[in-house]
Amino acid sequence: MIRTEGITHLHLAVADMARSLDFYRNVFGMEELFREGPDLIFLRTPGADDTLTLNEDPSLRADVGDSGGIQHFGFRLVDKGDLDRAVEEVERWGGRLIRRGEHEPEHPFAYVADADGYVIEL
């Protein structure tokens with residue numbers, strides 16, 4: 001077994017860096033950590049140790065929104081009562097609602113997509 005500190009980051013190929021940066025900043029409050037050249041931005045959720053990288057490298061254009069077998073990634077809301085507002089923010093910033101439901105009573109969820117089509121579970 002290899003000992004780790006858990007999953008550290010998710011790397012997304014994106015079609016429009018400014019649009020994606022606006023989406024993840026405004027919907028999830030992610031903050032820019034640093035940039036590596038003009039095509040790669042590292043983001044972090046305030047108070048967390050996660051990292052989301054956005055990559056607008058033209059050579060990856062064919063991969064944008066292609067799941068490569070990954071069905072979705074998730075953000076846990078601090079207050080699950082904020083789900084309606086969270087879906088509204090997703091839509092406000094160019095994303096869309098895919099579906100809503102409950103995994104079990106008292107555990108609501110929503111699957112949404114960002115503007116590139118990446119599926120996010122809330």
Practice problem: Would you indicate whether the side-chain heavy atoms of Leu122 and Arg76 approach each other to under 4.5 Å? | Solution: no
Quiz item: Is Phe109 reachable from Val87 through a run of I, L, V, M, F, W or Y residues, each pair having side-chain heavy atoms under 4.5 Å apart?
Solution: no
Exercise. Would you check if there is a donor-acceptor pair between the side chains of His72 and Glu121 at a distance under 3.5 Å?
Key: yes
Self-check item: Any side-chain heavy-atom pair of Leu12 and Asn55 under 4.5 Å
Solution: no
Quiz prompt | Phe28/Ile120 under side-chain contact (heavy atoms from CB on, under 4.5 Å): CA gap, chis, key distance, verdict | solution = CA-CA 11 Å; Phe28 297 107; Ile120 304 162; 4.0 Å; yes
Quiz prompt | Separation of Asp16 CG from Leu21 CG (nearest 0.5 Å) | solution = 10.0 Å
Quiz item: Is it the case that one hydrophobic cluster holds both Val90 and Trp93, taking links as side-chain heavy atoms less than 4.5 Å apart, direct or via other members?
Solution: yes
Practice problem: Please confirm whether the backbone N or O of Tyr118 pairs with a side-chain atom of Asp114, one donor and one acceptor, at under 3.5 Å? | Solution: yes
Quiz item: When you look at CD of Glu102, are more than 12 heavy atoms from neighbouring residues, nucleotides or ligands closer to it than 6.0 Å?
Solution: yes
Quiz item: Is Met30 reachable from Leu10 through a run of I, L, V, M, F, W or Y residues, each pair having side-chain heavy atoms under 4.5 Å apart?
Solution: yes
Quiz item: Do Thr53 and Ile41 touch side chain to side chain, with heavy atoms closer than 4.5 Å?
Solution: no
Exercise. Determine whether Arg19 and Asp116 make a side-chain contact, defined as any pair of heavy atoms from C-beta on separated by less than 4.5 Å.
Key: yes
Exercise. Check the hydrophobic clustering (I, L, V, M, F, W, Y; side-chain heavy atoms under 4.5 Å; chains of links allowed) and say if Phe75 and Phe42 are grouped together.
Key: no
Quiz item: Under a 4.0 Å N-O cut-off, is there an ion pair linking Arg85 with Asp79?
Solution: no
Self-check item: Same apolar cluster: Leu83 and Leu97, side chain cutoff 4.5 Å
Solution: yes
Quiz prompt | Derivation and outcome, side-chain contact (heavy atoms from CB on, under 4.5 Å), residues Asp84 and Arg100 | solution = CA-CA 10 Å; Asp84 290 337; Arg100 293 182 68 150; 2.7 Å; yes
Self-check item: Pairwise side-chain contact, His9 with Leu52, heavy-atom cut-off 4.5 Å (strictly under)
Solution: no
Quiz item: Below 4.5 Å, heavy atoms only, C-beta onward: do Arg44 and Glu32 meet side chain to side chain?
Solution: no
Quiz prompt | Side-chain donor or acceptor of Tyr24 paired with backbone N/O of Thr45 under 3.5 Å | solution = no
Quiz item: Less than 4.5 Å apart, any side-chain heavy atom of Lys80 and any of Pro108?
Solution: yes
Self-check item: Interatomic spacing from CG in Leu54 to CG in Leu40 - rounded to 0.5 Å
Solution: 8.0 Å
Quiz item: Do the non-hydrogen side-chain atoms of Phe23 and Val14 ever get within less than 4.5 Å of each other?
Solution: no
